[in-house]
Amino acid sequence: MPQEEKSEATIAPADRPDANRPDDVRYDAQRVETKWFERWQRDALLYAADPESDGAKPTKKKYYVLEMLPYPSGALHIGHVRNYAIGDALARYMWMNGYNVLHPMGWDSFGLPAENAAIKNNTPPREWTQANIANMKAQMNRLGFAYDWSREVTTCLPEYYRWNQWFFLKFYEKGLAYRKKSKVNWCSQCCTVLANEQVVNGNCWRHEETPVVQRDLEQWFLRITDYAEELLRDIDKLDGWPDKVRTMQRNWIGRSEGALIDFKVADDATGAVIRVFTTRVDTIFGATSVQLAPQHPLVAGFTRYNQVLGASVEQLIAEQRKAKEAGDIGAIEKRGVNTGHYAVNPYNGERIPIWVANYVLMDYGTGAIMSVPAHDDRDFDFAKKYKLEIRLVVLPVSTDPDETIAEPPLPFVAEEGMLINSGRFSNLSCEDAKRKMSAEAEQNGFGKAAVTYRLKDWGISRQRYWGTPIPMVYCEKDGIVPVPEKDLPVLLPDNVDITLTGASPLTRVPEFVNTTCPKCGGPARRESDTMDTFVDSSWYFYRYTDPHNDHAPFDSKAAQYWFPIDQYIGGVEHAILHLIYSRFWTKFMRDLGMIRNDEPVEHQFSQGMVIKDGAKMSKNRGNVVSPDEMVERYGADAARLYSLFAAPPDRDMDWQDSGIEGIRKFLGRVYRFVLHHAHPEHPDWNRSVPIDLAPPARAVQRKLHQTIKRVTDDFQGRWHFNTCISAIMELVNALYGAEEAIGKNAVPLPLVAEAQRDLALMLAPFAPYLAHELWEMLGETGSLLKAPWPKYDAVLAKEEEIEIPVQVNGKLRGRVVVPADAAEELVVERALADEKVKSASTGKQIVKKIYVPGKLLNLVVR
RNA sequence: GCGAAAGUGGCGGAAUUGGCAGACGCACCAGACUUAGGAUCUGGCGGGUAAAACCGUGGGGGUUCGAGUCCCCCCUUUCGCACCA
């Protein structure tokens with residue numbers, strides 16, 4: 001750019017078109033955005049990642065930035081805009097920093113809403129979904145998000161879902177997909193089964209007022225529990241994830257180490273056994289009853305000839321259900337009933353009563369516990385209420401020799417310590433006792449050490465239409481037979497009657513259901529359930545790396561180049577379901593040898609919700625902000641910029657209509673400045689900035705470099721886009737402040753040019769439309785998208801003079817201005833000359849001087 | 001009950017390592033320009049005072065020359081988990 005050695009740029013004020021400038025030029029966002037929108041539609045491939053994944057030696061570092069793909073519900077909402085504005089800013093920033101960026105988008109397009117809409121509006125789900133995708137894609141484009149649409153993935157298309165089926169066959173082949181009749185969660189509104197993960201406080205995740213009921217159904221399950229240990233262990237590796245999400249996943253997996261112990265039912269001819277799970281087998285000599293969940297299979301036997309007991313058990317079940325519906329199972333009043341039967345403690349042969357209790361849950365552990373009132377607060381409560389024996393078997397022995405054992409013995413001890421009253425195990429530490437007792441149980445065949453998880457296998461069968469058909473066939477002769485790979489995809493038929501009957505709609509399509517057995521060729525029936533849509537989203541991001549592959553889900557090389565995802569961005573509501581299934585799928589694919597990474601996502605980011613008028617936006621509350629309306633009124637840049645400016649991205653953001661108004665003003669301010677100060681035709685425009693600048697010019701230059709530093713630091717170090725934008729606003733304010741000097745040529749034109757170019761570059765990730773317009777106004781012809789991010793010069797950013805606050809005894813009393821590199825002596829000397837400092841310290845002695853270089857001086861006086 | 005995050009002007013929010021509390025923006029007030037202003041530009045804007053003093057980051061204590069920031073206790077809000085045996 002430097003062309004001539006003559007450095008001082010001069011132009012006569014009359015040369016500037018702003019001599020009589022029209023101050024009321026308004027920034028016409030619609031005109032500018034429409035212009036660029038049309039160009040970008042034409043140049044869509046601009047956003048495509050460089051094809052470096054085919055084994056060629058990479059020339060750039062890759063960066064995979066991904067926002068969670070949306071469900072095509074009809075229209076984007078403001079939460080989407082916020083999510084994508086973050087991702088797009090990041091993608092653009094990384095492009096400008098020279099990375100090979102993959103920034104794709106797709107559609108999680110199977111699922112219930114399409115069916116419900118179809119029933120309501122009498123439109124086939126496919127049409128409804130396609131129309132929504134078209135609309136939302138148009139919205140995304142209008143918002144200016146730079147997606148590589150050549151990699152678009154739509155999960156409801158056979159070219160995608162056939163690979164769901166392919167994966168299912170692989171799971172089946174490896175013994176990780178199985179079918180079993182089981183009690184399942186059924187939502188009567190959805191008319192389908194829900195995964196455990198989709199049950200919230202006993203209610204359906206979609207219908208918060210609809211209690212989930214239990215039904216017996218034949219279901220397909222994926223053995224995610226085989227990976228429970230690894231899923232748990234590898235959480236430790238995810239240091240790029242928020243702690244909150246990691247904790248939620250840990251809780252969800254819910255690992256618990258203990259022992260399974262069998263108690264024989266006394267005097268029972270059938271040899272019935274109650275298996276309990278306990279983490280405190282060491283306290284088993286203190287077990288004074290066995291407690292069964294009301295739904296425990298043995299209970300039915302006990303109540304068969306005992307109506308009174310049966311009625312009590314029914315009561316307990318009702319109480320549990322009520323508490324679950326209220327989402328308050330933790331506060332249920334403990335109640336129980338004695339069955340009159342006895343169980344035998346296998347360690348000492350003691351007979352203890354068998355009770356049924358409402359605080360014992362059928363779906364955790366074995367649905368039966370040994371009750372040790374002296375060492376478990378729940379059992380303690382229960383025993384007090386029903387006057388059951390409380391027997392102390394552990395003393396809290398401290399390692400501190402000075403500490404004596406509490407006397408008289410406590411009735412209740414939660415801590416571990418040393419065993420008493422436990423026969424041959426007495427005097428052992430709890431830790432040793434657990435080990436020895438588990439070993440003895442195993443030797444004698446009445447139990448073993450065991451680990452249980454809260455995590456259950458993933459039930460993926462759904463009795464609905466709009467999903468991936470499960471590629472299985474039932475033959476009278478050969479039983480369950482997988483569809484051969486070569487016959488995939490099993491196509492989802494169109495024109496299906498999807499009215500809700502409780503049975504899968506596909507059962508009513510004879511040409512779908514009736515088929516031949518792939519093994520024997522005889523008549524057979526197709527599986528008519530479809531897959532949970534969380535299957536679709538468990539691996540879609542791999543498909544982006546090789547979206548058109550028609551002989552594999554993706555090419556391993558492509559996936560290896562791009563994975564793991566460098567930055568994944570989405571709502572915290574997916575912290576458990578989607579993210580845990582995705583991790584599971586990745587580990588499975590790794591075990592199949594398809595990929596090498598253990599985890600799909602390096603850095604995970606959960607953005608906050610968008611709140612309006614103190615509440616989450618929802619149609620019911622009527623506080624929804626429509627992105628279309630915002631784009632129409634203020635433009636896409638304003639909508640995006642505001643969603644980034646109003647709060648740091650990880651926090652909930654309060655949407656205020658007046659706030660976006662301020663952003664619109666800011667964009668106009670930027671536009672007008674450049675309108676009046678862009679003179680690319682001037683011969684001095686592209687010269688280098690002179691070295692020795694007069695104070696007003698130096699101030700502009702300093703502010704410029706300080707701004708670049710702040711925006712860069714806040715962007716990559718902290719993701720504080722709100723302060724990035726504030727910093728840019730300050731720069732613009734400073735440029736307006738320098739207008740008089742610029743008008744008098746006190747600021748050389750090359751510096752004015754540089755400031756505007758850097759301003760456009762820094763705005764590019766946040767407000768791409770305006771940034772591109774500015775870039776053009778500044779006479780630049782190259783692509784802004786991949787123009788280099790501006791660099792700051794630390795020397796030029798440095799202040800020559802600084803103001804040092806002076807405190808006396810910690811209270812601010814004055815300020816002194818000194819050269820930036822001033823020695824302490826000078827600062828103290830000037831400080832002591834300050835009137836206010838003087839008056840605050842007269843008649844007193846300075847006992848201490850604390851000088852923090854460049855920051856502050858504190859004089860301690862007495 | 002357990003765990004996490006948060007609490008700062010009228011509002012959204014800044015303050016990155018313990019160092020000028022309130023950057024930036026909204027709202028409000030004033031001025032300039034103007035036939036006009038819901039445009040634009042400039043200035044003001046925590047409370048308090050004539051001006052100072054002084055008071056101010058949910059409350060109370062503490063450490064420190066110095067605390068929004070660190071420690072202890074408490075309160076409130078949001079989120080997650082919840083008789084998990």
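Note that the structure is a prediction, hence the values are computed from the model and not measured. Residue numbers start from 1 in every chain, and the chains themselves are labelled A, B, ... in the order their sequence lines are given, proteins ahead of strands.
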Pair A:Trp655, A:Asp657: side-chain N/O donor-acceptor within cut-off below 3.5 Å: yes
Using atom [atom1] of each nucleotide, how far apart are [N] and [M] to the nearest Å?
N     : M     : atom1 : value
B:U69 : B:U57 : P     : 9 Å
B:G38 : B:G61 : P     : 50 Å
B:G48 : B:A53 : P     : 15 Å
B:U8  : B:C24 : C1'   : 15 Å
B:G10 : B:G46 : P     : 10 Å
B:G60 : B:C26 : P     : 34 Å
B:U78 : B:C41 : C1'   : 42 Å
B:U17 : B:C70 : C1'   : 12 Å

Does [N] have OP1 or OP2 under 4.0 Å away from a side-chain N or O of [X]?
X        : N     : value
A:Arg718 : B:A15 : yes
A:Lys665 : B:A27 : yes
A:Arg669 : B:C41 : yes
A:Thr279 : B:C84 : no
A:Arg651 : B:A14 : yes
A:Asn722 : B:A14 : yes

Separation of [N] [atom2] from [X] [atom1] (nearest whole Å):
X        : N     : atom1 : atom2 : answer
A:Lys811 : B:G56 : NZ    : C1'   : 11 Å
A:Glu740 : B:C41 : CD    : P     : 16 Å
A:Met653 : B:C79 : CE    : P     : 19 Å
A:Leu641 : B:C24 : CG    : P     : 16 Å
A:Tyr671 : B:U40 : OH    : C1'   : 15 Å
A:Ile576 : B:C79 : CD1   : C1'   : 12 Å
A:Asp363 : B:A85 : CG    : C1'   : 13 Å
A:Asp654 : B:U78 : CG    : C1'   : 14 Å

Which nucleotide wins on minimum distance to the side chain of [X], given the candidates [options]?
X        : options             : answer
A:Pro648 : B:C24, B:C84, B:G13 : B:G13
A:Lys244 : B:C11, B:C24, B:C79 : B:C79
A:Ile850 : B:C24, B:G19, B:C84 : B:G19
A:Phe277 : B:A85, B:G25, B:A15 : B:A85
A:Phe645 : B:C26, B:C24, B:G19 : B:C24
A:Val360 : B:C24, B:U42, B:A85 : B:A85
A:Gln807 : B:A15, B:C24, B:G19 : B:G19
A:Asp376 : B:G19, B:A23, B:A85 : B:A85
A:Gln656 : B:U42, B:G12, B:G19 : B:G12
A:Arg672 : B:C41, B:A14, B:A85 : B:C41

Ion pair A:Glu416/A:Lys434, N-O distance below 4.0 Å: yes
Close aromatic pair by centroid cut-off 6.0 Å: A:Phe645 and A:Phe721: no
Check: A:Phe666 ring centroid to A:Tyr642 ring centroid under 6.0 Å: no
5′-ward residue of the pair A:Ala368/A:Thr723 relative to RNA chain B: A:Thr723
Of A:Ala727 and A:Arg280, the one whose closest RNA chain B nucleotide lies more 5': A:Ala727
A:Arg669/A:Tyr27 under side-chain contact (heavy atoms from CB on, under 4.5 Å): CA gap, chis, key distance, verdict: CA-CA 8 Å; A:Arg669 220 165 131 76; A:Tyr27 172 52; over 6 Å; no
A:Asn251 (side chain) and B:C81 (base): donor-acceptor pair under 3.5 Å: no
Looking for any heavy atom pair under 4.0 Å, which part of the strands does [X] touch: base, sugar-phosphate only, or nothing?
X        : answer
A:Arg335 : nothing
A:Asp652 : sugar-phosphate
A:Val860 : sugar-phosphate
A:Asn858 : base
A:Asp714 : base
A:Gly662 : sugar-phosphate

For B:G31, glycosidic torsion class - syn if within 90° of 0, otherwise anti: anti
Taking [X] for its side chain and [Y] for its backbone only, find out whether a donor-acceptor pair lies under 3.5 Å.
X        : Y        : result
A:Gln604 : A:Gly240 : no
A:Asn722 : A:Ala647 : no
A:Asp650 : A:Phe605 : no

Row check, A:Tyr359 ring normal vs A:Arg378 NZ/CZ: under 6.0 Å, within 45°: no
Pair assignment for RNA chain B - dot-bracket with | for other-strand partners, Watson-Crick or G-U under 3.5 Å: (((((((..(((......[....))).(((((.......))))).((......))..(((((..]....))))))))))))....
Under the side-chain contact (heavy atoms from CB on, under 4.5 Å) test, residues paired with A:Arg664 that sit two or more places apart: A:Arg26, A:Tyr634, A:Glu661
Contact list for residues 727-738 of chain A, test salt bridge (charged side-chain N to carboxylate O under 4.0 Å, His left out), sequence neighbours left out: A:Lys703-A:Glu730, A:Arg710-A:Glu730
